[in-house]
Structures are given as structure tokens and as C-alpha cells.
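Every chain is numbered from 1, with letters handed out A, B, ... down the list of sequences. No hydrogens, no waters, no symmetry mates; every other heavy atom, side chains included, goes into these values.
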Number of protein chains: 2
Amino acid sequence: MRMSEGVEWALHSCLNLTWLPPDQAVPTAKLAEFYELPAAYLNKQLQALARAGIVSSTPGPRGGFRLARSPESITLLDVVVAIEGADEAFRCEQLLKRGPGADPAVDYRQACLVSRAMRRADLAWRRELAEQTLADLKAEVERHYPATPSNTANRFAALRA
Amino acid sequence: MRMSEGVEWALHSCLNLTWLPPDQAVPTAKLAEFYELPAAYLNKQLQALARAGIVSSTPGPRGGFRLARSPESITLLDVVVAIEGADEAFRCEQLLKRGPGADPAVDYRQACLVSRAMRRADLAWRRELAEQTLADLKAEVERHYPATPSNTANRFAALRA
DNA sequence: GTGCATTTACTCGGATACCCATTGTCCGAGTCGGTGGGG
DNA sequence: CCCCACCGACTCGGACAATGGGTATCCGAGTAAATGCAC
């Protein structure tokens, strides 16, 4: 079970956007250059974030991506779901339908206690992610590393047009 | 992010083993036939469980697999880790090493706050899985579906040699 | 009848192909900013 | 000097390959039971 690389890129990129003026759009090329990432593939992840309503895109010169809503209203779960999809990691294939005493009318994704146990763990994971917003993360970073906001803005400004 | 199918097979198979005499070894073929699974591939998962010390294997006639320890001492996390590996889903690639103000000596898997947030969620997931043992699950199933133990034993007995 | 060597069949275990999802790349449609000419 | 139409360049967006991990399968090594024979 491995989470897509894109989640890490998306989280860091969104976090970087919180340190720029909210009305400033940043093109994929700059966001990619920031961490030396492949621009075309990062663009794909940003598209997913746009479809999820986390960032908004602007075409043409001076265009790019910006956060579509306030960092307070974007949770880590939102970002993860936008990239990875909403499906839970454990997908119950309803093995019990093939076992003894199976009832074809029962939805074993709900009834199977193995499935329920796995779902409980999944919910605990999701809850933890949903309780942290981008704003929380931003504040925590600024508390530990006060230079980050200016460093980030400076580097974006220094990147070639 | 998708969990391997083998986890579901392993959980159900281990659970089934709890309803058989502890000294009775069950060959892969029977465990597979129980849910109409491909035997050779299920065998691969059982090998992983054996390497993890969850089940023990016996070759030759009347051989097969049995639980290596008591159901009370086998957690759901043990089974998941045996199949999926111990690595966490989110793998920090240390993007910050490429960012401004990066310190090459720092291990950003520990220092990066994004990484830490994701790890917190991962730990919550693991804790939930570690708090449930096979014995808990077995008891819960018996409480909801009292016929399961005899149904299971009967079907195993009925499966062709 | 009993003990033993041989045979036999059954089991796991790892080595070997296959397939789909993630990764990675590219080019086209659309749009905004700049520019040049006219009023 | 100001306004407008055109041009150009920049951006996203989705369509198109390549790679790696999970899926599936097979055959061989080893073992325990069953068998047949000798005593």
C-alpha cells in the first residue's frame, strides 16, 4: 500500500501558495521549479486539485494557480482525497458471499465485521487528516521556522519568468 | 492508494483458522476453496504470514497451515503488516532538501511538518488496527452470527480431501 | 503379528510470466497582455 | 495623446507512452504417511 507521490507535491505546493498574496497566480513551471519537480506531471496533480475546488486556475499570461478558498477551510484530507480519490484503502470484495450461510441480499461491505474493523481504522486516519487545516500547518511551520514565509516568497520572486 | 487484495484474504483465512482445532493444519487448497480463491496466489500470502510468525506451515500429507500463536496475541495490524509491509503509506521524499534554506544534514522525514502531520494520521490508523486482536474479532462474530463456528468447521470438513 | 525399508502422494516454497495503475511526457485550445496604427 | 484592433506568447487541459508493483501461475524440493515384505 503506497500513497501517490503527488500527495506530497500537492501538500507542499498548497502550503507554499499560502505564503503568497492570495490574488497572485503561480504557473505550474514555478511551482515545479521550487522543488525541482517534473512540471508536466505536477500540472496533472494541480488539475486534480482544481477539479476538487481547492485551487483555481487562470489561463494565459500572468495566469497559473492560486488557492480557491481560505487556508482555514482546506483540510489535509481534502488534499489527499483530491489526489488519491475518495475510496478507502481496504476495499471489501465481499468474500463472505462465497462462504457458507451467505445471504445474496446482504451487503457484506456493511455487515462483514472484518470490513467494519478495517473501516474503523480508515475513519480514524481520515479524522486525523480532517482535523488539520492548511492554516494550522502554515502557523505551525511559521512558529518553528520563522524564516520560511520570506524565504518562500523570495524564491518564487527569483524564479525566472 | 489501494491496499492489496491479499490482506482481506489473510484476515478471513486467519479468522477461519480460529474456529478449527488449534493442532489441525489446513492446506492452502482448502483455505482457497472456502471462498473460491486462486489457491496458488493465496499460498503466497500465507507464506508471508508464516514469515511473520503468524501462522506455521507443515509440509507433507496432513500438512498445511495453522495459527502459530493464540488469537489473543495476533492483532489486525500484525496481519496487515505481514502482507503489506511495515512501510507507512505516505513516504516523505524530503522535498524540502530542494527548497530554500535547506540543511543537507537534516533528516526531513523527521523535521518536515507535513511529514509529521501525515505520520500522525498513519499512527492513528495503526493504533486502531493494533487494538483489535483476532480473538476480539472472533468473539464479535460469534456474538452476531452464532452459527458461524459450526458452519465454518462443517464446510472445511466437507471440502474434498 | 510386528517392525522396517520402500514407495507414494501430498504439502509448501520460491522462481517465473502477465497485467493494470501510477508515473511521465507531449501537443493543442483558449486567453490575456502587449503592440502598433489610426483618430 | 488616447483608443482600438491585431498579434504574439503564455497558460492550462486532456490525450498519449513507459515503467513498476501487484496479480496470477507453475514446477521442484522435502516430508510424512501408507504400503508391502521380511522376520
| message | Between P on C/dC12 and CZ on B/Arg51, what's the gap in Å once rounded to a whole number? | response | 14 Å
| task | Just do the side chain to side chain donor-acceptor pair (under 3.5 Å) check on A/Ser13 and A/Asn16 with the steps written out, would you? | result | CA-CA 5 Å; A/Ser13 295; A/Asn16 281 341; 5.5 Å; no
| Axial bend angle, the helix from C/dG1-D/dC39 to C/dG39-D/dC1: five-pair end segments, nearest 10° | 10°
| Contacts of type side-chain hydrogen bond (donor to acceptor under 3.5 Å, both in side chains), residue B/Glu93, not counting sequence neighbours | none
| task | From the options D/dT25, D/dG13, C/dC12, select the nucleotide whose nearest atom is closest to the side chain of A/Ser57. | result | D/dG13
Can you check nucleotides 30-33 of chain C for protein contacts, nitrogen or oxygen pairs under 3.5 Å, and list what you find?
none

| field | Spacing between B/Gln47 atom CD and D/dT25 atom C1', to the nearest angstrom | value | 13 Å
| note | B/Leu49 CG to C/dG13 P, in whole Å, measures 11 Å
| request: With sequence neighbours left out, write down each residue that passes salt bridge (charged side-chain N to carboxylate O under 4.0 Å, His left out) with A/Arg91, or none if nothing qualifies. | output: A/Asp87
I'd like a list of close polar pairs between nucleotides 16-23 of chain D and the protein, N/O only, cut-off under 3.5 Å.
from: D/dT23; atom 1: OP1; to: B/Glu5; atom 2: N; distance (Å): 3.3
from: D/dT23; atom 1: OP2; to: B/Ser4; atom 2: OG; distance (Å): 2.8
from: D/dT23; atom 1: OP2; to: B/Tyr41; atom 2: OH; distance (Å): 2.9
from: D/dT23; atom 1: O5'; to: B/Tyr41; atom 2: OH; distance (Å): 3.2

| note | Hits for side-chain hydrogen bond (donor to acceptor under 3.5 Å, both in side chains) against A/Thr58, two or more places apart or cross-chain, chain-then-number order -> A/Arg66
| query | For A/Phe34, is the NZ or CZ atom of B/Arg98 found under 6.0 angstrom from the centre of its six-membered ring and inside 45 degrees of the ring axis? | reply | no
| Which residues share a salt bridge (charged side-chain N to carboxylate O under 4.0 Å, His left out) with A/Lys44, sequence neighbours left out | none
| request: Check salt bridge (charged side-chain N to carboxylate O under 4.0 Å, His left out) between A/Glu88 and all other residues, then give those that pass, not counting sequence neighbours. | output: A/Arg119
| Nucleotide nearest A/Phe65 (side chain, heavy atoms from C-beta), chosen from D/dT25, C/dC12, D/dC12 | D/dC12
| said: Without decimals, in angstroms, what is the distance between A/Leu31 CG and D/dC10 P? | reply: 18 Å
| query | Linking I/L/V/M/F/W/Y whenever any side-chain heavy atoms sit under 4.5 Å apart, do B/Leu123 and B/Val80 land together? | reply | no
| Nearest-angstrom distance from the residue atom CZ of B/Arg66 to P of C/dC12 | 11 Å
| message | In this structure, is the centre-to-centre distance between the rings of B/Phe156 and B/Trp19 below 6.0 Å? | response | no
| field | Those residues that, when tested against B/Ser150, pass side-chain hydrogen bond (donor to acceptor under 3.5 Å, both in side chains) (two or more places apart) | value | none
Identify the pairs formed between an N or O of the protein and an N or O of nucleotides 3-7 of chain C at a distance under 3.5 Å, and give each distance.
none

| request: List for me each residue that meets side-chain hydrogen bond (donor to acceptor under 3.5 Å, both in side chains) alongside B/Tyr108, sequence neighbours excluded, and say none if there are none. | output: none
| task | Would you kindly give the CG-to-P distance between A/Asn43 and C/dC26, to the nearest whole Å? | result | 14 Å
| request: Would you please name every residue forming a salt bridge (charged side-chain N to carboxylate O under 4.0 Å, His left out) with A/Asp136, sequence neighbours left out? | output: none
| query | Are B/Cys14 and B/Ile74 close enough that some pair of their side-chain heavy atoms sits under 4.5 Å apart? | reply | no
